[in-house]
Structure formats: C-alpha cells, structure tokens
Amino acid sequence: MQENKFDKNQLIGFGLMILLIIGYWYFTAPTPEKIKEVQKVENQVIEETKELDKKEEQIQQTDVSSNVPAQTFTLQNDKVLIELTNKGAQINKVELKEYKAYNHKTNDDDLPLYLFDGNNANFSLKINDREGRLIDLSKRTFSAKQEGNSVIFTTQENGGTIQYTYTLNGDYDLDFSVRSQGLNKISTDKIAQIDFEMNAISQEKGLAWEKRVTDIHYSLNGYKEKGYTRGNEVLDDDDKLDWVAFKQQFFTTILEPKVAFDNAVMSVEDDPKEDTKHSKTFTFNSKMNVNGELNESYTWHFFPLDFKMLKGYKKDFQHIIPFGWGIFGWINEWAILPTFLFMASWGLKYGWVIALLTIVVKLVTSPIMYKQYKQSAMMKVLKPDIEELNEKYKGKDNQMKRQQETMKLYRTAGVNPLAGCLPALLQIPIFYALFNFFPNVIDLRAKGFLWADDLTAYDSIVELPFHIPFYGGHVSLFALLYVVTMVIYFKFSGNMMQTPKQEGMPDMRIMMYIMPIFFIFFLNSYASGLSWYYFVSNAINIGLVLLIKNVLIDDEKIHAKIQQNKKNPKKRKKSKWQERLDQAMKQAQEQQKLKNQGK
C-alpha cells in the first residue's frame, strides 16, 4: 500500500485561506460608531412596536362591544337602496336604482350603480376617553335595531352611551344624528374629530374624462360663497361650511350639517392609473364642539346630478354641475337647458334633439353671421386698394403711414374692419357654454345615437392596438366628420371672407390649417354629443355661406356702394373710437419722426 504523504502545497493553501478570513474580518468589522447607530435603530423599532401594541391594546380595551355579531339593515324606496352595518355604525352600500354603471368587459351599462359598495368609504367620529386613549367609533361594533325607515345604533363605555340614528327621508336623503347620554363618564374633551374618506367608484365609459371632472364642491357662510377644489383646501377659521359634495361626473354624495362645520379640511387625490375601478380619493376632516353632550344632526344626500331637482332644494346644489362660470353658466341654465328639455319632451331620440337645438342656435345667431360675412365681402372688394397702399408705403419706416392711409380708406369707403370680428366674438359665449353642456347633462348619459352608445362619452368605430399620446386608443367618427366639415367650411368661407393681407400682419388663413389638427386630437375622447352638434353646426354653416354668397350678397352692389362712399367721405362722421385711434396714430407717427431725427 502506498504511504500517504503530507503535501506542503495544501498547507500553504490552508494558510492563505486563514489569512484571507482574518483580513476580511478585520477590514469589515463595524466601528464603534456603527455599532451605536445600529443599536439606536433597533431601539427605535422596539419603541415603535411597543407603541403600536399599546394602541392596539387601547382599541381592544375601548371596544367593549366586540362580542356583538355583525348585522346589516336595509332602507330603500323607488330611487335608492341603502345598506347599514353595525360594524362602526356605517353606511355600507348605496345603490341608485334608476341608473346603471358602465361595464368595460361587456361595453354596456349593465352593472348596479353603487356610490358606496361596502369597502370604499368610511365615516368616523373620534374622541379621547378620560384616560387619554383614542376612541374611534368606526372600529366599534354597535348594538342595533330597525324601526320602520330608521335604524338606531348604540354603543356604551363606562356607563355612558353614544347613539347613531339613520332615517331615510325623501327620495335621496338620509338623515343622520349623533346623540350621547352621560358623555362625561366617557370623555371630558371639548372637541371631537370627524373624518370621512371615500374612494370614488368609476361609473362611466370615459374614465379619463370622469377622473378629470371628479372633485369636491362646497358652500360657505349661509350659501353666500361657493367653491370647489381638485387638490387640497383648508378653510379659514372664520368660514362656516354649509355642505360639502364629493362629486363625480353625474353623481354626488353630499354631507350637510344642521349646524355648519368649523375648521374644515378637504382633499382630492388621483388614484393610480392601473386602478380602473376607482377614479379619485376624497378626504374630509372637521372639528365638532362638545358642549356637555353630543347632539349633532346631518343629512347625507345621494344625488344624480339632475339640474332641476338640485335647484329645487334651494341650497345651491345645482352649482355642483359644471355648466360654466358667469355668462356661460347663465346661457346654459336659462337658454340651452330649457330649450333642450322642451325638445326632449317630444319623445325624439336625443341625437335628433341635439340637431334641432343646433338649428335653433343657428337661427338665433344667423343675423350676426350675415353681418360678419357682409363686412368680409366689403373687405374683399377693397383688396385692390389695400394692395396699392401696401405697394406705395413699403417697409417698416412707412408702417405708421401705411396704417393711417388704410384706416382712412376704410373710413371713406364706409367699412369697419372690426365689424366682422365683433359678431364672431359674440358667438364665443354660446360656443363655450355648449362645450360645458353636453358632457355634463345627465339626460344624455347612456343615451345612444347612430353608432355612439353614449352621447356623454366618446364614440368609437375602431379600437387601436396602441395608444397615441393626446389622441387615445380609438377613433371617433363624429370627431372625424366634424373636422372634415370644418375643412369644407373653411374652404367656402375662406374664399368669400378672404381679406387683403397687410405688410407686417400675420396671415390668419394659417389657422384654417391648424384648427382641424387641434380639434381632431381634442374631440377624439370628448363627448360624442358635442362632436355631433359641431358637425351639424358646420353643415348648416356651409349651407348658410352658400346662401349668403350666391343669393344675399351681390359683390357688384357692394362695390358700387363703396365707390359712392369714397366720393362722399364728408357725409360720414368719425366715431369716438376712430377719433381716439387717429389721435394715437398721429402721436406714434410724431414719436417715430423724432426717433429718426435722433438717429
């Protein structure tokens, strides 16, 4: 048998390994400062754990009714179904029976419409007990009983009693009261905290638009002031909050106190994009003054945003609907909406109601449109004269003189260059009012027309396999039709309204090419009812342009009238605006002369 010999190379290897281990230990060993830092972090974690355990123990100690079994109670009528639970004496579910939510799986409105679904909202009343421990009533289990349209929840602590009472009152209203008896046995605090959090459930086809218009509205100081927020809002100490509305596109949850809230704080936060079930998260906080006992009353309103119904409450609830501020809101409230509802009462499909509304608007604005085109035709006749002046007074040095002579030509010919712009400006309030009307009138919600299944959301004829920035992942046919008619309208009206281009002035015809591109991106994901309105409006405009151009306006008569005006310039008196303009131009001309002399 061969004798085993000890290999010195192995000995060297083991030695090197031991040296490496010793070196690694020496160079990586923690310093005393590092050891203290780690111990500090560990002690902090231990303290936080103890604090959490203490709070949990406090909650368990205060929830003396945890052995009460879970119960639910239902209050309902033809409009709303409300489910209450004794776990926290909470509103568990709220279903609006007359409406359905959009189902993105079936592409139809076939889901129950819940404002509360058992998991998305929490109302809590918090108060410290006599030992300073926090009592959060939303974590307690109440004993409960139902009496007709009312449900009464009761909890006790140290011989004191707190009671919640819910009563269904009216179609969409739930009265809510908080009462105590022997509160001094529970707490000596003079302030209680109200907290409400709600994760708004998405109800609509157009998720992006729904999220955009989801916000908080409120009324202050006896309905004297109204406001809204899409972020954070902290009211001033002297503000009194009449009500707060957690608004979605077509539905809202309103909390209205009998005595106005003090020191209110509200916030709205976007939910993650990947969460398609919810749109935004609402939070609301306020203080409740405790004067011996709790004795507070509130009303929860669960409303569809029906303008006429909301206005009937006479508490400014109707202003939650974003019909526009100032004159734009007035046009929608006093003109567009009544006309729309009157036509809708005829039993027509809503698409045809929109078309009739378009015709009415065009009849009202047709005199303005005629005056605009007449002035444009007069400007077109003056084109050779303007070009002659541009050629005679070329260059920047003659810019002031060129403008003076141009204004003089307009005045002697009896042409007002602004007369064509002013009528267009008068139509802007109507345009903007309708822009706010169609996405926000609940009567159009889930109402289809032609290929559109909802006139308050976008229509789609093609779903793209990709998403185009600012455009979307679909193709709206109504938006395309509107853009096509816009191009045709610009073609006809551009030939008719073509005005002479002055040197140094921008060519406004460029807008004819920019606007269709802008609108194709803008309207693709907007309410199809608005695109349909704009399409019908442009089709009528094209007909009116042809009528005015070929029948109502005679270029030869206009030319003859202008020539007559040019021969009798003294008969035309300058307006105050023209006098001020001439004076300003003369002053500018004198300044230019002085500047040239200085050079």
(request) Please confirm whether Trp243 and Tyr218 have ring centers closer than 6.0 angstrom. (result) no
(message) Below 30° counts as parallel, above 60° as perpendicular, anything between as tilted: where do the rings of Tyr482 and Phe519 land?
(response) perpendicular
(request) Give the C-alpha distance, both sets of side-chain angles, the deciding distance and a yes or no for side chain to side chain contact (heavy atoms under 4.5 Å, CB included) between Gln76 and Lys97. (result) CA-CA 10 Å; Gln76 62 179 316; Lys97 294 182 176 181; 2.7 Å; yes
(message) Between Phe251 and Phe302, is the side chain to side chain contact (heavy atoms under 4.5 Å, CB included) condition met? List the steps.
(response) CA-CA 8 Å; Phe251 306 96; Phe302 305 105; over 6 Å; no
(request) Hey, can you tell me if Tyr526 and Trp209 have their rings parallel, tilted or perpendicular (30° and 60° cut-offs)? (result) perpendicular
(message) Under 6.0 Å between ring centres: does that hold for Tyr533 and Phe437?
(response) no
(message) Under a 3.5 Å threshold, yes or no: a donor from one side chain and an acceptor from the other, between Lys100 and Gln203?
(response) no
(message) Within a 6.0 Å radius of atom CD on Glu225, are there more than 12 heavy atoms belonging to other residues, nucleotides or ligands?
(response) yes
(request) Report the C-alpha separation of Phe340 and Val353 in whole Å, then their side-chain angles, then the decisive distance to 0.1 Å, and conclude whether the side chain to side chain contact (heavy atoms under 4.5 Å, CB included) test is met. (result) CA-CA 7 Å; Phe340 174 85; Val353 173; 3.7 Å; yes
(request) Just jot down the salt bridge (Lys or Arg N to Asp or Glu O under 4.0 Å) partners of Lys145, sequence neighbours excluded, or say none. (result) Glu147
Compile the donor-acceptor pairs under 3.5 Å between side chains in residues 167-175 and protein atoms, sequence neighbours left out, one pair per line.
residue	atom	partner	partner atom	Å
Thr167	OG1	Ser150	OG	2.7
Asn169	ND2	Asp175	OD2	3.1
Tyr172	OH	Glu98	OE1	3.4
Asp173	OD1	His301	ND1	2.7
Asp173	OD1	Tyr313	OH	3.1
Asp173	OD2	Tyr313	OH	2.9
Asp175	OD1	Thr299	OG1	3.0

(message) Tell me whether the rings of Tyr298 and Phe261 are parallel (<30°), tilted (30 to 60°) or perpendicular (>60°).
(response) parallel
(message) I'd like to know if the side chain of Asp195 pairs up with that of Gln193 as donor and acceptor (distance under 3.5 Å, no hydrogens or angles considered).
(response) yes
